[in-house]
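The block underneath contains the structure these notes are about, expressed in structure tokens.
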Amino acid sequence: MYVKKCRKGHEYYIEVTLINILKMKKVLLFLSIALLVSCSDCKEDGQAGRLEVRNVIFMIGDGMGPAQVYAGLTHNGGHLTLEEFPFVGLVKTYSANRYITDSAAGGTALATGNKTNNGMIGVTPDTVAVTSSLMEAHKAGMTTGIVVTSPVTHATPASFYAHQPSREMYEDIALDLEKSGIDVFIGGGRAHFEKRSDSVDVSTRMREAGYNIVYNEEELAAVQDGKVGALLADIDMPRASERGDYLPSAVRKAISLLDGGGKGFFLMVEGSQIDYRCHGNEAVPMAEEMIDFDRAVKAALDFAKEDGHTLVVVTADHETGGVTLTDGSYETGEIECHFSTGDHTGTFVPMFAFGPGAEQFTGIVDNTSFKDKFVELLGISVE
């Protein structure tokens with residue numbers, strides 16, 4: 001704008017105002033374009049800025065309380081992958097009939113959103129079957145998987161697919177797994193499929209139904225697609241100091257098999273033997289199991305960071321051992337622990353979350369709160 005005459009500065013004032021408005025329009029246009037680009041992957045549900053959750057990786061450290069996490073961190077030189085999670089909270093763990101839960105009731109609460117009695121799997125206290133978040137994902141057409149260091153028929157993994165009045169009914173739980181349609185399961189428990197009291201070879205039946213059943217990590221590594229059951233031990237996998245890269249490698253393999261189906265996936269991972277070492281009051285082996293679980297967490301987190309549409313949530317079913325750290329050293333990795341019991345305790349367990357929707361996993365929550373959040377974030381309609 002050219003101003004011939006500036007009467008009392010008014011025309012000059014108008015000129016500056018118009019120029020500023022033009023500049024503001026350019027800035028607003030730039031911001032609008034940036035916002036459109038940044039939201040190109042947002043949910044089409046009015047929740048601007050939130051990326052769509054396509055995949056969930058739910059990781060459970062069996063027996064993992066705050067002291068177990070810190071023991072692993074200390075033994076690992078002062079660092080764990082869990083420190084990278086931006087959202088943290090605490091979880092209450094009591095069961096329907098006990099202040100101190102077991103893994104069956106704790107797993108059922110985490111998986112299905114329902115409290116049940118200790119020892120019961122995937123049912124309410126009056127034995128009504130309840131559906132887990134993993135099975136809701138399966139019904140919605142997503143691929144599903146389980147990776148554990150226990151038998152795949154053990155209490156926590158069983159809570160995600162089985163419905164039995166007792167966690168000890170391993171052979172019946174194996175039949176529930178056969179019927180579940182889960183795409184990938186990796187862990188121990190071969191005896192419950194092939195060395196059964198009824199002489200039924202469940203593995204053979206699953207092969208006939210289209211599963212690739214394998215018995216060692218080399219055979220598993222060679223599998224590239226399809227439904228896979230890896231039964232890598234008769235009962236439990238070896239302890240952390242003996243099983244090498246099994247758990248993080250199995251997590252990576254499960255993700256590669258489950259990803260790419262187009263409808264997303266739900267993977268449950270359990271660091272089962274943190275609990276075992278705490279039952280035995282074994283301080284260093286407990287820390288080794290914690291570090292091994294954290295390496296599996298890293299495998300999941302690496303994928304989630306690259307993918308951008310994967311929610312990773314880490315928690316525990318209960319604390320085991322009543323662990324107190326009495327001394328330690330980041331430099332040497334030495335830890336000194338006091339165990340107040342060889343059983344479970346009623347303390348809070350930690351919760352960590354990363355990825356789209358992770359902000360919903362904070363504060364003090366009940367162990368029944370996870371299923372509803374998962375199905376809502378995945379956009380699953382539950383009947």
Side-chain angles (χ1 to χ4, degrees), residues 42-47 50-60 87 89 91-93 95-96 101 104-117 120-146 155-165 173 176-185 227 258-259 261-270 304 309-315 317 351 353 355-363 365-383:
C42 291
K43 271 190 173 183
E44 296 179 0
D45 61 359
Q47 300 182 60
R50 176 182 291 170
L51 293 177
E52 179 186 8
V53 181
R54 297 176 188 161
N55 314 308
V56 168
I57 304 176
F58 193 20
M59 310 189 75
I60 300 170
F87 296 97
V91 183
K92 296 180 286 186
T93 62
S95 69
T101 191
T108 295
L110 293 172
T112 73
N114 290 271
K115 296 282 187 184
T116 195
N117 294 339
M120 302 179 81
I121 296 286
V123 295
T124 62
D126 52 356
T127 70
V128 175
V130 283
T131 306
S132 73
S133 49
L134 183 147
M135 293 308 299
E136 295 288 4
H138 171 72
K139 290 192 293 183
M142 299 171 65
T143 50
T144 54
I146 286 173
T156 305
S159 298
F160 283 82
Y161 63 82
H163 310 284
Q164 298 296 337
I173 291 169
D176 283 344
L177 180 54
E178 178 189 11
K179 294 182 291 186
S180 71
I182 290 174
D183 297 275
V184 176
F185 57 91
K227 289 181 176 289
L258 296 173
D259 188 35
K263 290 191 175 182
F265 67 81
F266 192 110
L267 174 63
M268 192 285 289
V269 179
E270 185 189 35
H309 295 279
T310 299
L311 170 64
V312 182
V313 176
V314 184
T315 191
D317 50 356
M351 169 178 62
E359 70 281 356
Q360 295 194 30
F361 297 86
T362 59
V365 303
D366 196 79
N367 58 3
T368 57
S369 66
F370 292 89
K371 178 189 174 178
D372 286 348
K373 291 178 182 178
F374 287 148
V375 297
E376 179 183 357
L377 288 166
L378 289 167
I380 296 172
S381 178
V382 178
E383 297 179 359

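Residues take their numbers from the sequence shown, with the count starting at 1.
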Quiz item: Quick check, are the ring centers of Phe374 and Phe266 under 6.0 angstrom apart?
Solution: yes

Self-check item: Flag, side chain of Asp183 to backbone of Thr144, donor-acceptor distance under 3.5 Å
Solution: yes

Quiz item: Where the side chain of Asp317 meets the backbone of Gly107, is there a donor-acceptor pair that is under 3.5 Å apart?
Solution: no

Exercise. Could you tell me which non-hydrogen atom of Ala104 sits nearest to which non-hydrogen atom of Ala155, and how far apart they are?
Key: N-CB, 3.7 Å

Quiz prompt | Contact summary for Thr310 and Pro356, nearest pair of heavy atoms | solution = O-CD, 3.6 Å

Practice problem: Taking side-chain contact (heavy atoms from CB on, under 4.5 Å) as the test, write out the residues that go with Ala140, two or more places apart. | Solution: Ile380

Practice problem: Tell me, with the steps shown, if Lys139 and Thr131 meet side chain to side chain contact (heavy atoms under 4.5 Å, CB included). | Solution: CA-CA 10 Å; Lys139 290 192 293 183; Thr131 306; 4.2 Å; yes

Quiz prompt | Distance, nearest 0.5 Å, that separates CD1 of Ile146 from OG1 of Thr156 | solution = 10.5 Å

Practice problem: Could you list the residues that satisfy side-chain contact (heavy atoms from CB on, under 4.5 Å) with Ser132, not counting sequence neighbours? | Solution: Ala111, Thr112, Leu134, Met135, Phe160

Self-check item: Test salt bridge (Lys or Arg N to Asp or Glu O under 4.0 Å) applied to Lys371 - qualifying residues, sequence neighbours left out
Solution: Glu136

Self-check item: Sidechain-backbone polar pair: His309 side chain, Glu52 backbone, donor-acceptor under 3.5 Å
Solution: yes

Exercise. Give a yes or no on whether the backbone of Asn367 and the side-chain of Lys115 come within a donor-acceptor separation of less than 3.5 Å.
Key: no

Exercise. Could you tell me whether the side chain of Ser159 and the main chain of Gly122 form a donor-acceptor pair under 3.5 Å?
Key: no

Exercise. Compare all side-chain heavy atoms of Lys373 with those of Val365 and state whether any distance is below 4.5 angstrom.
Key: yes

Quiz item: Quick one: are Ser180 and His138 in side-chain contact, heavy atoms under 4.5 Å?
Solution: no

Self-check item: Check: Thr116 side chain, Val123 main-chain N or O, donor-acceptor pair, under 3.5 Å
Solution: yes

Exercise. Heavy atoms only: give me the nearest Ala105-Asn117 pair and the separation to one decimal.
Key: CB-O, 3.7 Å

Quiz item: Any side-chain heavy atom of Ile182 within less than 4.5 Å of one from Leu177?
Solution: yes

Quiz item: Residues in salt bridge (Lys or Arg N to Asp or Glu O under 4.0 Å) with Asp372, at least two apart?
Solution: none

Quiz item: Do Thr108 and Met120 have side-chain heavy atoms sitting under 4.5 Å apart?
Solution: no

Practice problem: Kindly give the heavy-atom pair with the smallest separation between Thr362 and Glu359, and that separation in Å. | Solution: OG1-O, 3.6 Å

Practice problem: List in chain and number order the residues that pass salt bridge (Lys or Arg N to Asp or Glu O under 4.0 Å) with Lys92, two or more places apart in sequence or in another chain; answer none if no residue qualifies. | Solution: none

Practice problem: Supply the atom-to-atom distance Met268 CE to Phe185 CZ, rounded to the nearest 0.5 angstrom. | Solution: 13.0 Å

Quiz item: Tyr161 versus Ile173: any side-chain heavy-atom pair under 4.5 Å?
Solution: yes

Quiz item: Are any non-hydrogen side-chain atoms of Thr315 and Phe370 less than 4.5 angstrom apart?
Solution: yes

Exercise. Would you name the heavy atoms of Leu377 and Leu311 that are closest together and state the gap between them?
Key: CD1-CD2, 3.8 Å

Quiz item: Under the salt bridge (Lys or Arg N to Asp or Glu O under 4.0 Å) test, which residues partner Asp259, sequence neighbours left out?
Solution: none

Practice problem: Using atom types as modelled and distance alone, determine if a side-chain donor or acceptor of Thr124 lies under 3.5 Å from a backbone N or O of Val128. | Solution: yes

Quiz prompt | Shortest non-hydrogen contact between Ser95 and Thr101, atoms and distance | solution = CB-OG1, 3.7 Å

